[in-house]
Amino acid sequence: MTSWLLVMPIAVPFATAVLAYLMRRAPAGRWISLTGSVLSLVASIALLMAVLDEGVIAAQMSNWDAPFGITLVADYLGVVMVVITAITGLATAIYALGEIPERLERLGYHALFQTLIAGVTGAFLTGDLFNLYVWFEVMLISSFGLLVLGGTREQLDAGIKYVALNLVSTLIFLSGIGLLYGVTGTLNMADLRDAVANSEDQTLITVIAMMFMVGFGVKAGVFPLFFWLPASYHTPSFAVSAVFAGLLTKVGVYAMMRMFTLVFVGDIGFTHEILIWVSLATMLTGVLGAAAQTDFRKILSFHIISQIGYMTLGLALYTPLALMGGVFYLVHHIIVKANLFLVSGVAYKLTGSTDLNRIGGLYKSSPFLAALFIVPAFSLAGFPPLSGFWAKYLIVKASIELEMWFVAFIALFVGLLTIFSMTKIWGMAFWKPHPDGIEPVPTRVPAHIRLPMMLPIIGLATMTVLIGLFPEPFVQFAETAAAQLLDPSDYVTTVLGAQR
Amino acid sequence: MIDILKALLILGGGAFVLIAAIGIVRLPDLLTRMHASTKAGTLGSLLILVALAFDIGTVSGTSKVLATVFFLLLTAPIAAHMIGRAYARTSVKDDKPAKE
Amino acid sequence: MNGFLINLLLAFAWAAMTGSFGLGTLATGAVLGFFALWLSAPLTGIDRLYFLRSYRVVRLALYFFWELLLSSVRVAWDVVRPFPKNKPAIIEVPLSVKSDIEILLVTNLISLTPGTLSLDVTQDRSTLLVHAMFADDPDALVAELKNGMERMVAEVFEK
Amino acid sequence: MNSIIFTAGARILVALLFVFSLFMLLRGHHLPGGGFIGGLLGAVAFIVYSLACGPAEAKSALRASPEGIAAVGLGIALVAGLVAFFFGDPFFTGQWYWVGGDSYETSIFSLNTVLVFDIGVYLVVLGSILSIAYAFEEET
Amino acid sequence: MEALTALVVGVLVAASVYLMLARNFMRFLFGLILLSNAANLVIFASGRMTKGAPALVPYGADTPAGVVGNALPQALVLTAIVIGFGLLAFTLALAFETYRRLRTMDTDKMRVAEPKDADEDKK
Amino acid sequence: MSAADFLDLSIQIGLGLILLGLAVAFIRLAVGPTLADRVVALDMMNITIIAFCGLYAIAIEDPSLLDVAIVVALVGFLATVALARYAERYFDREKKSPEPDADKPKGGGDD
Amino acid sequence: MAEPSDPNAPWVTPAGMITVALTAALFLFFLQYLPVVPRDGAVQWVWDWIPSLQVRLSFWLDGLSLMFALLITGIGTLVMLYAARYLAGHPQYNRFALYLFSFMLSMLGLVLADNLIALFVFWELTTFTSYLLIGFSHTDPKSRRNALQALLLTAAGGLALLAGFILIGITQGTFELSQLNAAGSMAEHPIYLGILILVLLGAFTKSAQVPFHFWLPNAMAAPTPVSAYLHSATMVKAGVYLLARMHPSLSGSDVWVYTLTIFGAVTAVFASFMALRQTDLKQTLAYTTLMALGTLVMFLAGSSGYAITAAMTFLLVHSLYKAGLFLVIGIIDHETGTRDANVLGGLARAMPITAVAAGLSGLAMAGIPPFLGFIAKEVAYAGALTMAISWFVVIMGMAAFALMFAVALIVAWKPFFGPQGDLPRTPHEGPWAMVLGPITLAVIGLLAGLLPGVTAYYLVEPAVAAVMGAPDVGGRLKLWAGFNLPLLLSVLTFALGFVLYKVHARLRAMLADMEARAIDMDASWDVFLDRFMALAKGQTRVIQTGVLRHYMFVTFAVFALSVLVTLILRPAAAPFLDFTGIGFVEWGIAALIIAGTVLVVLTSSRIAALVGLGVVGIGVALIFIAYSAPDVAITQILVELLVVVLLAVALLKMPHLDRTGKQTHRPFDAGLAVLVGGVTTWVLLRVTNAPFDRRLTDFFEASSWTEAFGRNIVNVILVDFRTLDTFGEIAVVIVAALGAYALLKGGQKAPPDDTPDATKEDR
Ligand code: NA
Ligand code: NA
């Protein structure tokens, strides 16, 4: 039955996608999608319970032994990503009830959305490298569809860049898989660990590792490969950009964390050292990019990049504390960033633009929304006692422990600049009066649109506060996750010993 | 004996294929070139397929070869017709060189 | 040529493809063929009954392969000789066959035989546009085509 | 496109291609073929159809929207995997039912989820490619 | 044969990179097709190229007779080909629609989402 | 020289001829100059592939390559048809609206 | 300028009264410890918060934190009551009350926290809540700017502080202040200097020491109750509190002594002159706050009982009179509509009670006996004499105290008893809710001076003991300590102060002139932000150009470099080319592929490119045929065919391959292309040079028929061994189709020239 616990978080969104597509014309589509998202959450929580109970769990798909068949496996990192994906999915599914117009629903919005969730979840659960590629593709093609759904000129332009750059990264990744298979003869990630370690040509392994880093680096949006992200994330509907912002880059980070703790650990002095500098550059360029923007969503987009740097830094420093920080950061950032994009959608609904120069007055007439913005915004900026503070704290502490003063300095400095951008949004969209004297009163938006849009924002903000106020279970969880990453022997034995 | 036959079929087929290819390069205008590909090319392939049928020697193999031949004879002229028709419509009638 | 015939043809095609002419294979082919025909019914909506004149088919086939060989040799010779000598022209051949399958057969056969290449059939199905490689005497060529290939095809489908 | 020759050829070819596509699907487990190749061939069949008669008629010959066929195909493939649940096996474990025997050797033929899955693959590939092809066709 | 395939892959990759760096998005598309082919060849060659029978178990036997081609990379390549086709079809549709709406295929001129003056504060 | 040797030699020569055919056909495909020329060359290559499959099946003594040949024989013509149809439709459009308008692709270049 | 309240608006609102009551209750709660702490020592409450990170919500109530807690809650109660009346009828009063109350709680947490990380949490919360308070008049751009300035500066310091705290935790093994202080000075630790600098950065920014001082006067943009509260008793004192709290751990080095002395002294004197310079009474008070903060920091440099006693006493005095005076200014502003020192005068008749409050607070500020201010000054001089570079401290202290004397006259005397000016409104006595605060504070200030023993026993001595880390080491608080040097210095101070008051009008003009020539930190702030923005925009313009091929170039370049760098830095033998067993067929196929590729690259005819792609596809299929992969070959052929078919349809409505614009980048592109291709070949050769592990393949070959009942191993892998891959793959295909379909079909219904709104219409 363990096997089915691993399968359901993937199978449910697929089944939902099929049904939602077949019934897309009726209003049934959106309710099917919502029900599916609820069920996905239930399934992922069931999986979480199992992992908390048993530690790493694995199952052999089609009932073929590892490494011959495809393994699904959930360790702490994997399962928390699955749960957080389901949460983000549910939040955006509710939001979509209010935001997504029927025209887009008829074009298959819900099906694309659910396959996106399925792809992301599959990527988090698979223990097979080629299968990871397949899930990457499922996720990628769904995101293509969602990004350009609606077909505005802006979306199409963004779509060209997004698609082009992501396809290149995909092909780099695919070639990397082929080459690694050529060296080791296996695709199972647990099996690869030994095979890679025993390879006689370690330089070649490092070269292939670097190819993976580039491939994943594009997905994750690290410096200098992040171009596709700020070029596109401000163009689709807000529910879509929220789920993109929350999940997509994280899959890249996750894949990097997985491969560079499980498989590519033979030349840490090289690969991870490079990643430190890449991370720092990512943090800095992202936050500077954000400072230069005056659009709500563009600022948020550049911040994704900046924050990705913290997560990869957690991996690059490669200590228990640093990885713990990386894991904590992943979880925190998904919740917070998705929420900020959702808020930007409500702000857009109320003010008619996301250009900060053209909007304002939200603080005065929508204090509740203001409060709901403040929470994720200052969490992102790392203000205590919100979730982002603990995330940043762990990373900074890890770099100080390593006596990497410069790294710690950059991590803190970027935090300061993050405050700068968040307060820029706050100052221009909320505090500043609307330039046209409009009073963006929330009740002007009909309740059947407003309520579904506000509900997930409230929920995610509550989670941000709760994680901030009661971080202990999350910290402990991240600690175990980090320990499993640094010493994957449990992972390896569970996967290779999984019963047929 | 059968080997010799196969060899001859193969050589003939190969020769026709090559000649057809030379034809589409060497012959002066498009429609004339199409004669080369449609006839000589098809025949060349047919000869080699016949050699294959002898080579396999089984009923199933032969029937597959026959199916292939049938399909080829059915589709090759249709393709040729489509090109010819397009060429005729786009260039000959209006008496100007066909532009892509 | 009716549905049954096509169906039978498809069943045999299936058997040929599988390489086994057992009863099971043929039956499977017939069922699948039926399904295929059902799907493509709008296309094959001819229900006139024809007797298959098998000897004419065989004769046509032999004639055709011989002509194919001849034409290929002729083209080949023209390709390889130092100074190609041909007088190409487009000639119009009046068509007496009218059904789709006949027209297809005629045009395909003309394309595969010496010196001629079917280009197009006019919309009223009255004329076939043929490209002739050696059109020294267009009228003679028209007559040859009409009395040769077209007549033999028409005989195959004769009622 | 109103070419009489092509249309006449298409009448034969569509059926032929379609039968061939099913043939490739069914034999795929033992010889070259399978759901992908079958689906691709099926799509080619209906593309030929639409070239001959236009996408509207080709669509109506298909009896269902290509997108719907694809979605149903994905559903079938998923169900083929989920069936294993009722036999206590992991996802996508092939379930074999031997008709007239208890093993491959003794049975006449078998009913199995592996083929069901391949049929799902076939439908998805067929439906998806036709959906794209017809959309392009209609937009130009 | 792997050596020759590696050379071919190199040419394909170089050509596709050159095409993908062009301003005309159609060239990018062509480059993408070449690059997909290259990636597939990489996988195929990585599984080593065996001249022999296809990976089939003959009727009447339990295992393939003699050396057969490595089936796993074939399956992977097959998967990658089909995925690549899906991605390509979408990208083509995107290019098509983009041209219909933006009236250009010149990516230098595709500045709707990132307009030239976007970084200037309108104060 | 035995008959078998002669066959082997013929196979090698045949493969050579076929490959040479492909190469020669490629010249026309590359040179053009019209769309129809290129399509004829592509069509020629299609037919040649069938020959190659057949001959290679003899060479490696494996009839399963015949399956590839069947597929090419059945579907290869579609590329030719599609391109020919493109030429016709493109020409029709040009004729219908020779003056530049918004819906027509920009002219210029050599195609 | 605070928004004027509506005198008729009801001011007893739930939000106001609840916050006042809660704060008062907290005050009473802490008051009950007043007898306990001096007698029994510190009280501790501990909740485990994040055990894994050694972060505990541990609270430590000793003399120092008790004094602060009482000031925070006591003054807080009065200020909140005052604010309820001051902002009566203000539409955002409820938010204000919430912010102020939250700020109060944060401040309370800060002074009570024993765990450094918990302390930091509260520290940042005060930063955040004060940001909301300073920006309360949010429609005013200046208000927003100043709030941001305060936030960024104090947050920057806060981040340094965090780094310092983390360093302490790592080096000392604990975050608990009580344990750290008990362990004594860490001055000997090699990393001490780093820690000290980081902590001082935090403390100095928060307590507005020069050169981080400029945010504090700007923060006066907040409503007056906020100024009274934040800038007297609480937020700005957080830095001072931290220095006092960590005194046992961090003092004990020359760096500590000199840094604090010099920064404190410079801040005090600078602020004094700036205070004289101002005409807005609120600004004047703001600078005197700076002055006081500087003085406090200066005295915390010392380690003698007298120095610390001076600091603690002065801290107490200052909190009382400064809060009182701010509230008085608020009443004046509220009643007369102006805060201009030149205009105000003769208000004593109209506002007698306020005048009394102002007078008492002013006397305390001026340091006149018998007020506690006098005692503080005496102790301060006594303390100064014990410190390192005592002459410097004495001179600086005297300058500051004299200026305070002068400012006290300007702020507390002149508006009430000076010549009356031209007022915007006829003044009345303020409402009782507003007057209650200043008068209470003034009376407490007086009582504290009259009963120095009580003050000392309950408040000052326990605080000093806490700072010193030992009891009974402080100086004695006495109204009359006999004729001694401090008394002489006091008298000198009064004389100097009076002179300064007399000449302050002339001085003001002189100072204005000097200020114009000095470096204006506040203006530099704007320049700094502008430069920063320019940098940000410049870097973004360079990196995110908006041009796809730039992105593409960098991506490919990174790919090539990542491989090349590895090959350079790691031992790498060149791969070998093994062409054995490659017949002419393979060479022919390779040549065909390459020829097709070259055609695609070189041609400017899109149809030529298309057929070139077809040739490449055919060539690749031939490789699959030649190497016994019929399934792959068939799939490749079919897919290639479909690509051609789709392109042939799509190209109808697409443009030609015109080469537009300048193409100067193409040689570079070609170079990169060759590099990427070469790198790929290199790696692939190296991979295929090595022997291959056939484990997986062997398994598949062995079990394809026997266990999976399929003879086509490739197909069995697809539908059985690796079904999940295939499932994902068909999902990709279907989603690609849905996406393409939506793109092609969905666009039609969109309006031809769509605004962003077009996609998001309401249902
Ligand atoms: Na972010
Ligand atoms: Na404390």
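What's counted below: heavy atoms across the whole structure, side chains too, no hydrogens, waters or symmetry copies. Every chain is numbered from 1 and lettered A, B, ... according to where its sequence line falls, protein lines coming before strand lines.
Counting heavy atoms from C-beta outward, E:Thr79 and G:Glu729 have side chains that approach closer than 4.5 Å. Under the 4.5 Å side-chain criterion, counting only non-hydrogen atoms from C-beta, G:Val601 is not in contact with E:Arg27. Residues E:Leu72 and G:Phe721 form no side-chain contact, since every pair of their non-hydrogen atoms from C-beta on lies 4.5 Å or further apart. The side-chain heavy atoms of G:His665 and E:Arg23, taken from C-beta on, include a pair separated by under 4.5 Å. Annotation: side chain of G:Thr688 is not in contact with side chain of E:Met49 (no heavy-atom distance under 4.5 Å). Here the side chains of E:Tyr99 and G:Lys653 are not in contact, with every heavy-atom distance at 4.5 Å or above. Taking the side chain as every heavy atom from C-beta outward, G:His656 and E:Met105 never approach each other to under 4.5 Å.
G:Phe579 and E:Ala3 get closest at one heavy-atom pair: CE2-CB, 3.8 Å. The two residues G:Leu744 and E:Glu97 come nearest to each other via the heavy atoms CA-OE1, 3.8 Å. In terms of heavy-atom proximity, E:Pro64 sits nearest to G:Ile713 at CG-CD1, 3.7 Å. When all heavy atoms are compared, the tightest approach of E:Phe30 to G:Arg606 is CZ-O, 4.3 Å. Across G:Ala673 and E:Ala14, no two heavy atoms sit closer than the pair CB-O, 3.1 Å. G:Ala736 approaches E:Gly86 most closely through the heavy-atom pair CB-O, 3.3 Å.
Both the backbone and the side chain of E:Ala15 come within less than 4.5 Å of a heavy atom in chain G. In this structure, chain E has heavy atoms under 4.5 Å from both the backbone and the side chain of G:Phe692. For E:Leu88, the part lying under 4.5 angstrom from a heavy atom of chain G is the side chain only. Interface residue E:Met110: only backbone heavy atoms are found under 4.5 Å from chain G. Interface residue E:Phe44: only side-chain heavy atoms are found under 4.5 Å from chain G. Contacts of E:Ala80 with chain G are absent, with no heavy-atom separation under 4.5 Å from either backbone or side chain. Residue contact with chain E, scored on non-hydrogen atoms closer than 4.5 Å, is absent for G:Ala737. When heavy atoms are compared at a cutoff of 4.5 Å, G:Phe700 approaches chain E solely by way of its side chain, counted from C-beta outward. Looking at G:Tyr551, only its side chain comes within 4.5 Å of chain E, counting heavy atoms on both sides. Looking at G:Trp587, both its backbone and its side chain come within 4.5 Å of chain E, counting heavy atoms on both sides. Residue E:Leu76 touches chain G through its side chain alone, counting heavy-atom pairs closer than 4.5 Å. Within the 4.5 angstrom heavy-atom criterion, only side-chain atoms of G:Ile593, from C-beta onward, approach chain E. For G:Val632, the parts sitting under 4.5 Å from any heavy atom of chain E are the backbone and the side chain alike. Using a 4.5 Å cut-off between heavy atoms, G:Thr726 makes no contact with chain E at all. G:Ile730 does not touch chain E: none of its heavy atoms, backbone or side chain, sits under 4.5 Å away. At a 4.5 Å heavy-atom cutoff, the contact between G:Leu696 and chain E is made by side-chain atoms alone. Residue G:Ile589: no heavy atom, backbone or side chain, is found under 4.5 Å from chain E. Residue E:Leu4 touches chain G through both its backbone and its side chain, counting heavy-atom pairs closer than 4.5 Å. In this structure, chain E has a heavy atom under 4.5 Å from the side chain of G:Val620, while its backbone stays farther away.
With values rounded to the nearest 0.5 angstrom, E:Thr5 atom OG1 is found 7.0 Å from G:Ile582 atom CD1. A distance of 11.0 Å separates CD of E:Glu114 from OG1 of G:Thr540, quoted to the nearest 0.5 Å. Rounded to the nearest 0.5 Å, atoms CG (E:Asp106) and CG (G:Leu548) are 10.5 Å apart. To the nearest 0.5 Å, the span separating CG on E:Leu41 from CG on G:Leu684 amounts to 9.0 Å. Rounding to the nearest 0.5 Å places CE of G:Met654 at 7.0 Å from CG of E:Leu29. The CG atom of E:Leu56 lies 9.5 Å from the OG atom of G:Ser628; values are rounded to the nearest 0.5 Å.
The main-chain N or O of E:Ala61 is found under 3.5 Å from a side-chain atom of G:Arg711 such that the two form a donor-acceptor pair. A distance-only check finds no donor-acceptor pair linking the side chain of G:Arg722 to the backbone of E:Ala75 [under 3.5 Å]. Checking side-chain atoms of G:Thr597 against main-chain N and O of E:Leu12 turns up no donor-acceptor pair under 3.5 Å.
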Practice prompt. Show the numbers, then the answer: is there a side chain to side chain contact (heavy atoms under 4.5 Å, CB included) between G:Ile623 and E:Asn40?
Written response: CA-CA 11 Å; G:Ile623 291 186; E:Asn40 295 341; over 6 Å; no
Worksheet entry | Trace of the side chain to side chain contact (heavy atoms under 4.5 Å, CB included) decision for G:Asn689 with E:Glu2 | CA-CA 8 Å; G:Asn689 281 171; E:Glu2 291 89 355; over 6 Å; no
Practice prompt. Go through the steps to decide whether G:Arg666 and E:Leu21 satisfy the test side chain to side chain contact (heavy atoms under 4.5 Å, CB included), and finish with yes or no.
Written response: CA-CA 8 Å; G:Arg666 290 312 260 165; E:Leu21 290 171; 3.8 Å; yes
Worksheet item: Going through the checks in order, is the side chain to side chain contact (heavy atoms under 4.5 Å, CB included) test met by G:Phe624 and E:Gln74?
Response: CA-CA 9 Å; G:Phe624 294 141; E:Gln74 290 184 36; over 6 Å; no
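When each of E:Ile83, E:Ile33, E:Val9 is checked for heavy-atom pairs under 4.5 Å with chain G, E:Ile83 comes out on top. Of the listed residues (G:Leu738, G:Val733, G:Leu613, G:Asp725), the one with the most heavy-atom contacts under 4.5 Å to chain E is G:Leu613. Of the listed residues (G:Ile734, G:Leu638, G:Thr545), the one with the most heavy-atom contacts under 4.5 Å to chain E is G:Thr545. Each of G:Val687, G:Val716, G:Asp693 has some count of heavy-atom pairs under 4.5 Å with chain E, and the biggest count is that of G:Val687. Taking chain G as the reference chain and counting heavy-atom pairs below 4.5 Å, the highest number among E:Ala93, E:Ala95, E:Gly69, E:Ala55 is found for E:Ala55.
A cation-pi arrangement, defined by a distance under 6.0 Å to the six-membered ring centre and an angle within 45 degrees of its axis, is absent between G:Arg549 and E:Phe25.
A donor atom on one side chain and an acceptor atom on the other are found under 3.5 Å apart for E:Asn37 and G:Gln636. With no hydrogens or angles considered, a side-chain donor-acceptor pair links G:Thr697 and E:Asn70 at under 3.5 Å.
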